[in-house]
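Proteins get letters first, then strands, A, B, ... in listed order; numbering begins at 1 in each.
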Amino acid sequence: MGRRPCCEKIGLKRGPWTIEEDHKLMSFILNNGIHCWRLVPKLAGLLRCGKSCRLRWINYLRPDLKRGALSEAEEDQIIQLHSRFGNRWSKIAAHFPGRTDNEIKNHWNTRIKKKLKELGLDPVTHKPIEQHENRGAKDEGIMQSKFSENSFELKLMDNPSSN
DNA sequence: AAAAATGTCAACCGCCAAAAT
DNA sequence: AATTTTGGCGGTTGACATTTT
């Protein structure tokens, strides 16, 4: 068997957070600030592991979170950044104050990826997909030619430095 | 109307670097 | 200096929602 879970303490809760839990975590952090996540559940009266508390705070409770759908402009910028950084979501998210890496990753995986494919672009390389005689996509022979106008391309694995 | 397919998204897992001891 | 613990990250899962057949 593999590595043991971060919270082996049996009885620890997992899965979706309830509003009561959110309340406890929220008020605890607002009152005490962020110091040591491991201590949070105990001090806040939660049956969760510290890691779970951290995640909940970062992705959902932080007051500085910007909520709501990503705008088209944001989406475009994500594509630009992705073409340079690849799947370095936290790096990409750093350009969007108030948005989380998880949210951006989700958006990429569920919407943008498909959108690019529909435009005939490879979501990994951001380059036009070779089309040996149609295969999977829904023909309409129109697709790829016109999208060569994409300005982003190349430089996919560019930055080896800094994380 | 029902079922199947597809989409969405919160939250988990394990890895590993950084921090702590 | 070496070992252990914590926190950050990206990939992935699975529950629920929506759309399609």
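One atom, CD of Glu21(A), and another, P of dA10(B), lie 16 Å apart when rounded to the nearest Å. Nucleotide dG7(B) holds its C1' atom 16 Å from the NZ atom of Lys115(A), rounded to whole Å. Here the C1' atom of nucleotide dC9(C) and the CZ atom of Arg54(A) are 8 Å apart, to the nearest Å. Atom P of nucleotide dG8(C) and atom CD1 of Ile58(A) are separated by 6 Å, given to the nearest angstrom. Rounded to whole Å, atom C1' of dT13(C) lies 12 Å from atom CG of Asn109(A). If you measure from atom CZ of Arg14(A) to atom C1' of dA10(B), you get 13 Å, rounded to the nearest angstrom.
Between dC12(B) and Arg56(A), no contact under 4.0 Å exists linking OP1 or OP2 to a side-chain N or O. Here Arg111(A) does not reach the OP1 or OP2 of dC9(B): none of its side-chain N or O atoms lies under 4.0 Å away. Contact check, Ser90(A) against dC9(C): a side-chain N or O comes under 4.0 Å of OP1 or OP2. The phosphate of dA11(B) (OP1 or OP2) has no side-chain N or O of Ser52(A) nearer than 4.0 angstrom. The side chain of Asn102(A) places no N or O atom within less than 4.0 Å of a non-bridging phosphate oxygen (OP1 or OP2) of dA11(B).
For Lys91(A) and dG10(C), a side-chain-to-base donor-acceptor distance below 3.5 Å is absent, hydrogens and geometry of angles not being considered. With hydrogens and angles left out, the side chain of Lys114(A) and the base of dG7(B) share no donor-acceptor pair within 3.5 Å. Side chain Asn59(A) to base dA11(B): no donor-acceptor pair is found below 3.5 Å.
Side-chain N or O atoms of Ser52(A) include none that pairs as donor or acceptor with a backbone N or O of Arg48(A) at under 3.5 Å.
Salt bridge status for Glu103(A) with Lys66(A): absent, with no side-chain N to carboxylate O gap under 4.0 Å.
You'll find that the side chain of Trp37(A) is closest to dG8(C), out of dG8(C), dT8(B), dG10(C). Closest to the side chain of Thr110(A), from the set dG10(C), dC9(B), dC12(B), is dC9(B). Taking the side chain of Cys36(A) as heavy atoms from C-beta on, and the options dG11(C), dG7(C), dA11(B), the nearest nucleotide is dG7(C).
In this structure, dA1(B) forms no base pair with any nucleotide, since neither Watson-Crick nor G-U wobble geometry is met with both distances under 3.5 Å.
Ring geometry, Trp108(A) versus Trp89(A): the interplanar angle falls from 30° to 60°, so the pair is classed tilted.
If you check every strand for non-hydrogen atoms under 4.0 Å, Asn106(A) touches a base.
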**Study point:** Verdict with supporting geometry, His107(A) and Glu75(A), side-chain hydrogen bond (donor to acceptor under 3.5 Å, both in side chains)
**Key:** CA-CA 9 Å; His107(A) 192 72; Glu75(A) 192 169 287; 2.7 Å; yes
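A cation-pi arrangement is present between Arg56(A) and Tyr60(A) under the rule of less than 6.0 angstrom and at most 45 degrees off the ring axis.
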